[in-house]
Every structure is written in structure tokens, then in C-alpha cells.
S.K.: 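Provided herewith is a single structure, encoded as C-alpha cells, for subsequent inquiry.
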Amino acid sequence: MKTTLKAYINDPKNRSTVDVGLFIILILSFHFLYLGWKALEYWPIKSFIDELSLWSVNRVYKESCWVLQHIFGVDITTVTSQRIIAALSKEGNFVTVMIAPECASLKQWCHWLFLMLIFPGPWKHKAWYIPVGLVIVEWTNVVRICGILLMERQWPGPNTFHIAHDYIFKAFFYLVIFLMWVLWVEKFKNKQQKTIEKHE
């Protein structure tokens, strides 16, 4: 059984299937590990995580405000310690997005780090690809926050936030991470693997 599995994994024809399988295992594993760590209140570095979360909330708040004001021309009203973005809708009503710690980029940063540190590939490229990925994750979150508010502004209604937050932009967030992973596999990991196979 072990020999058969090893042969399947090492067969170049199965490379894509093995890569996708490993991606799914790592993503799901991290999800449950993170939930467990959160239940333990981020032991043993809770104070550091709390500070990092607060910094991340303020960071994404400022970036989202800048994008909304300077790119979309939305008037911003600051409420409760810069954690709510409010803007007038077409009907003259306020729409809001609260940027709580859970809405910051912390989990997705950790997701990306976990995935890239464990997934195979050349470390000389990981050294720059991981930080670039963290920046992309941060700005994906900005797009998510802005997108939710703009949808509420354009289509005000009781279900707009729920649809935007739980479905559209959550899927968008993980689609971006998946596409960055695909780029890594195709341009770096598999390229290195093919080079090794040529010299064997």
C-alpha cells in the first residue's frame, strides 16, 4: 500500500492531482488548527496577537477609507475608534461596515504563511514570494471591505451585507489565495521539479 501510494505521488503524470490534494489538506488542516488555537485564546502569545489584530484593524480601516474616498469618491464618517466606515447611500441613509478583529487580515496572513512554508518549492523564491503574498492578502481584504460597503450603498437591503460578506467576498478572498498558489506551483515549484528530473 505504502509503495503504491509513493509510486503514485512520484509519478510526474499525477503531479497536478497530488499538488491539489496537498493544497486542500493544508487549507483544511490550517482552518481547524486555527479554530483550536482561537479557542485556546492564541496561547501562548495572546497579547502579541491582540496587538497585531488591533494594528491590522486600524491598517485595513485607513486603507479602505483612502480607497473609498480617493478612488470611489465616497464620503466617510468615522465611528467608534475607527472601526466603522459609514457613507451615505443613494437614498440618503447611512450604510456601515464594522471592521472587527475577525475582519482583519490576520487569519488569511496565517493561512498564507502556513500554506507556503509547508508546501514544496525553492526557498530562494519563497523568501520574496511569501511577503508579496502577504501584501496581496492585505489589499484583497481592502477590496473586500470596500466592496461590501459599495454593495450596501448601491443595493441597500436587509440581506445585502450577508450576501456580500458571507458569500461573494469570502469566496473572492480564497480565490485570490488559490490563484497565488497556482502561480507558485506553475512558475516555481514545478519548474524546479522538472529541472531536477532532467538531471537525474
S.K.: I'd like a table of donor-acceptor pairs (distance under 3.5 Å, sequence neighbours excluded) in which one partner is a side-chain atom from residues 17-26, with atom names and distances.
M.R.:
residue: D19; atom: OD1; partner: K189; partner atom: NZ; Å: 2.8
residue: D19; atom: OD2; partner: K189; partner atom: NZ; Å: 3.4

S.K.: Side-chain contact test, heavy atoms from C-beta onward, threshold under 4.5 Å: evaluate it for V142 versus C146 and give yes or no.
M.R.: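 Yes, their side chains come closer than 4.5 Å.
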S.K.: Can you name the nearest heavy-atom pair linking Y61 to I76, along with the distance?
M.R.: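 For Y61 versus I76, the nearest heavy atoms are OH-CG2, 4.3 Å.
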S.K.: Considering non-hydrogen atoms only, spot the tightest contact between I99 and V57 and give its length.
M.R.: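 In this case the closest contact between I99 and V57 is O-CG1, 3.2 Å.
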S.K.: I want to check something: taking the side chain as every heavy atom from C-beta on, are W155 and I163 in contact at a cut-off of under 4.5 Å?
M.R.: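 Side chain of W155 against side chain of I163, heavy atoms only: no contact under 4.5 Å found.
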S.K.: Could you measure the distance from the OG atom of S56 to the CD atom of E51? Nearest 0.5 Å is fine.
M.R.: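 These two atoms lie 13.5 Å from each other.
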S.K.: From C103 SG over to I145 CD1, what is the distance, rounded to the nearest 0.5 angstrom?
M.R.: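 One finds 5.5 Å between SG of C103 and CD1 of I145.
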S.K.: Return the orientation label for the Y34 and F30 ring planes: parallel under 30°, perpendicular over 60°, tilted otherwise.
M.R.: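 Rings of Y34 and F30: tilted, 30 to 60°.
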S.K.: Taking C-beta and beyond as the side chain, do V137 and M180 meet within less than 4.5 Å on heavy atoms?
M.R.: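 V137 vs M180: side chains touch.
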S.K.: Should K187 and H125 count as side-chain neighbours, where that means a heavy-atom distance under 4.5 Å?
M.R.: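 Contact flag for K187/H125 side chains = no.
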S.K.: Give the C-alpha distance, both sets of side-chain angles, the deciding distance and a yes or no for side chain to side chain contact (heavy atoms under 4.5 Å, CB included) between V185 and F119.
M.R.: CA-CA 9 Å; V185 169; F119 202 85; 3.7 Å; yes
S.K.: To the nearest 0.5 angstrom, please state how far the CG atom of L68 sits from the CG atom of D75.
M.R.: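 Answer for the CG-CG pair, L68 versus D75, is 10.5 Å.
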S.K.: Starting at CE of M116, measure out to CG of L134 and round the result to the nearest 0.5 Å.
M.R.: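 Reported value, rounded in 0.5 Å steps: 10.0 Å.
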S.K.: Could you tell me the separation between the NE2 atom of H165 and the CD atom of E152, rounded to the nearest 0.5 Å?
M.R.: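 Rounded to the nearest 0.5 Å, the NE2-CD separation comes to 10.5 Å.
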S.K.: Can you find a heavy atom in the side chain of I136 that is under 4.5 Å from one in the side chain of V176?
M.R.: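 In short, these two side chains touch, coming nearer than 4.5 Å.
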S.K.: Are L35 and W109 connected into the same hydrophobic cluster when the rule is that any two of I, L, V, M, F, W, Y join if their side-chain heavy atoms are below 4.5 Å apart?
M.R.: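 Different clusters: W109 never reaches L35 through Ile, Leu, Val, Met, Phe, Trp or Tyr contacts under 4.5 Å.
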S.K.: Are the side chains of L183 and Y129 in touch, meaning some heavy atoms are under 4.5 Å apart?
M.R.: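 When only atoms from C-beta onward are counted, Y129 and L183 do touch, with a gap below 4.5 Å.
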S.K.: For V74 versus Q69, what's the shortest heavy-atom pair and its separation?
M.R.: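 Smallest interatomic distance, heavy atoms only, reads O-CG, 3.4 Å.
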S.K.: Please examine the side chains of D166 and F161, heavy atoms only from C-beta on, and report whether any two atoms are closer than 4.5 Å.
M.R.: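 No, every pair of side-chain atoms sits at 4.5 Å or beyond.
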S.K.: W43 side chain to W37 main-chain N or O, any donor-acceptor pair under 3.5 Å?
M.R.: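 Such a contact is absent between W43 side chain and W37 backbone.
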S.K.: Under 3.5 Å, is there a donor-acceptor pair between the E138 and S105 side chains?
M.R.: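 There is such a pair (donor and acceptor under 3.5 Å, judged by atom type) between the side chains of E138 and S105.
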S.K.: Treating S64 as the side-chain partner and V60 as the backbone partner, does any N or O pair qualify as donor plus acceptor under 3.5 Å?
M.R.: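 The answer is yes, because a donor-acceptor pair under 3.5 Å joins these two groups.
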S.K.: Would you sort out whether K126 and W123 count as a side chain to side chain contact (heavy atoms under 4.5 Å, CB included), showing the intermediate values?
M.R.: CA-CA 5 Å; K126 283 187 180 186; W123 283 96; 3.7 Å; yes
S.K.: What's the spacing between L113 CG and I118 CD1 if we round to 0.5 Å?
M.R.: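 Result: 10.5 Å between the selected atoms.
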S.K.: Distance-only, no hydrogens or angles: does the H70 side chain make a donor-acceptor pair with backbone N or O of W66 under 3.5 Å?
M.R.: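 Yes; judged by distance alone, with no hydrogens or angles, the pair exists.
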S.K.: Less than 4.5 Å apart, side chain to side chain, heavy atoms only: is that true for L54 and N58?
M.R.: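 Yes; the side chains approach each other to less than 4.5 Å.
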S.K.: Would F172 and V143 count as a side chain to side chain contact (heavy atoms under 4.5 Å, CB included) if you check the C-alpha gap in whole Å, the side-chain angles of each, and the deciding distance to 0.1 Å?
M.R.: CA-CA 10 Å; F172 172 71; V143 171; 3.8 Å; yes
S.K.: Determine, using the 4.5 Å side-chain heavy-atom cutoff (strictly less than), whether V135 and I71 are members of one ILVMFWY cluster.
M.R.: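 In one cluster with V135: I71, yes.
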S.K.: Aromatic rings H111 and Y174: how do their planes relate, parallel, tilted or perpendicular, breaks at 30° and 60°?
M.R.: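 If you compare the ring of H111 with that of Y174, the planes turn out perpendicular.
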S.K.: Give the ring-plane orientation class for W128 versus F188, where under 30° counts as parallel, over 60° as perpendicular and anything between as tilted.
M.R.: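 If you compare the ring of W128 with that of F188, the planes turn out perpendicular.
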S.K.: Tell me every residue that passes salt bridge (charged side-chain N to carboxylate O under 4.0 Å, His left out) with K46, counting only those two or more places apart in sequence or in another chain.
M.R.: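 With neighbours one apart ignored, the set is D50.
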S.K.: Under a single-linkage definition using a 4.5 Å side-chain heavy-atom cutoff for Ile, Leu, Val, Met, Phe, Trp and Tyr, are L28 and W112 assigned to the same hydrophobic cluster?
M.R.: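 Yes, because L28 and W112 connect within a single hydrophobic cluster, where side-chain heavy atoms sit under 4.5 Å apart.
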S.K.: Taking W184 for its side chain and P120 for its backbone only, find out whether a donor-acceptor pair lies under 3.5 Å.
M.R.: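 Yes, the answer is positive, given that a donor and an acceptor are paired below the 3.5 Å cut-off.
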